[in-house]
Structure formats: C-alpha cells, structure tokens
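Encoded as structure tokens, the structure appears first; notes follow it.
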Amino acid sequence: MPPAIAKQMILTGEPIDAERAWQLGLVNELAERGGALAAAEALAAVLAAGAPLALAAGKRLIDHGLGMDLETAIAYERETVSVLFSTEDRAEGLKAFRERRPGEFRGR
C-alpha cells in the first residue's frame, strides 16, 4: 500500500468499505453480500485439490523470497523446484494433465 494512503488511514481513522479495500489490495476478492462464506469455501476447495508439496513450496518461496535480492531469490526458487521434480506428486500431476483429469495428490 502506498505510504500516503496508509498514513491517511492511520491518522484519520476513517473506515473504508470493501470496494476501497479491494482497490488498495487489502483483500483478494469481493463477494456478494452474504456470499463470503461460499466464496471462501470455493477457494478452499481449489487449494485442497492442489498438490500439497507444491502449494507449501509456493508459500515458502513468497514468504522468504520477498526479502532476498534477485540473484539469491532465483537460486532459492531453482533449488525448491528441483526438489519438487523428484516427488510422486510431480509424476501424478503430469499424468493427470496428459489424461485431462484432476490430479490425485498425496504429498509425496
């Protein structure tokens, strides 16, 4: 968030609505009134269907990589991806893609 916006929010204490929070990048999605739970459950279903090792690696790359210089971050990403290439989930993902079906990931 731009520092000027953060300062205005902190110094004025004025509340913002969901649309403004979305514009500022404080929330990822907007839902219709009363639809937040359904939207959250839909997102959870998408994440639950993903490959757990790859999801965890993606989270780590973002969490740790943001504080790294570009060269270090690229090396960290290369190392992380190389570990994922040796997993059973990678083989399952490729097989599922070729067979045009959802993957059945086991976190191995």
Handout entry: R60 and E77 ion-paired at < 4.0 Å
Key = no

Exercise for the section: For E99, look at atom CD and say whether over 12 heavy atoms of other residues, nucleotides or ligands are found less than 6.0 Å away. Expected result: yes

Handout entry: I5-I16 co-clustered via ILVMFWY side chain contacts under 4.5 Å
Key = yes

Problem - Where A73 and G65 come nearest, the two heavy atoms and their spacing - result: CB-O, 4.2 Å

Handout entry: From CA spacing to verdict: side chain to side chain contact (heavy atoms under 4.5 Å, CB included), E19, L30
Key = CA-CA 7 Å; E19 181 68 32; L30 295 178; 3.3 Å; yes

Problem - Exercise: identify the closest heavy-atom pair between P52 and F105 - result: CD-CB, 3.7 Å

Fill in the blank from the handout: For E104 and E92, the nearest pair of non-hydrogen atoms, with its separation, is N-OE2, 2.9 Å

Problem - Atom pair NE2/NZ of H64 and K59 - distance to nearest 0.5 Å - result: 10.5 Å

Handout entry: From OG1 (T80) to CG (L53), nearest 0.5 Å
Key = 12.0 Å

Exercise for the section: Check for a donor-acceptor pair, side chain of T72 on one end and backbone N or O of M68 on the other, with a separation under 3.5 Å. Expected result: no

Problem - E32, CD: over 12 other non-hydrogen atoms inside 6.0 angstrom - result: no

Problem - Over 12 non-hydrogen atoms of neighbours within 6.0 angstrom of CG in N28 - result: no

Problem - Pair M9-L24, side chain to side chain contact (heavy atoms under 4.5 Å, CB included): steps then yes or no - result: CA-CA 11 Å; M9 291 175 66; L24 293 170; 4.1 Å; yes

Problem - Heavy-atom donor-acceptor pair, D89 side chain to R106 backbone, under 3.5 Å - result: yes

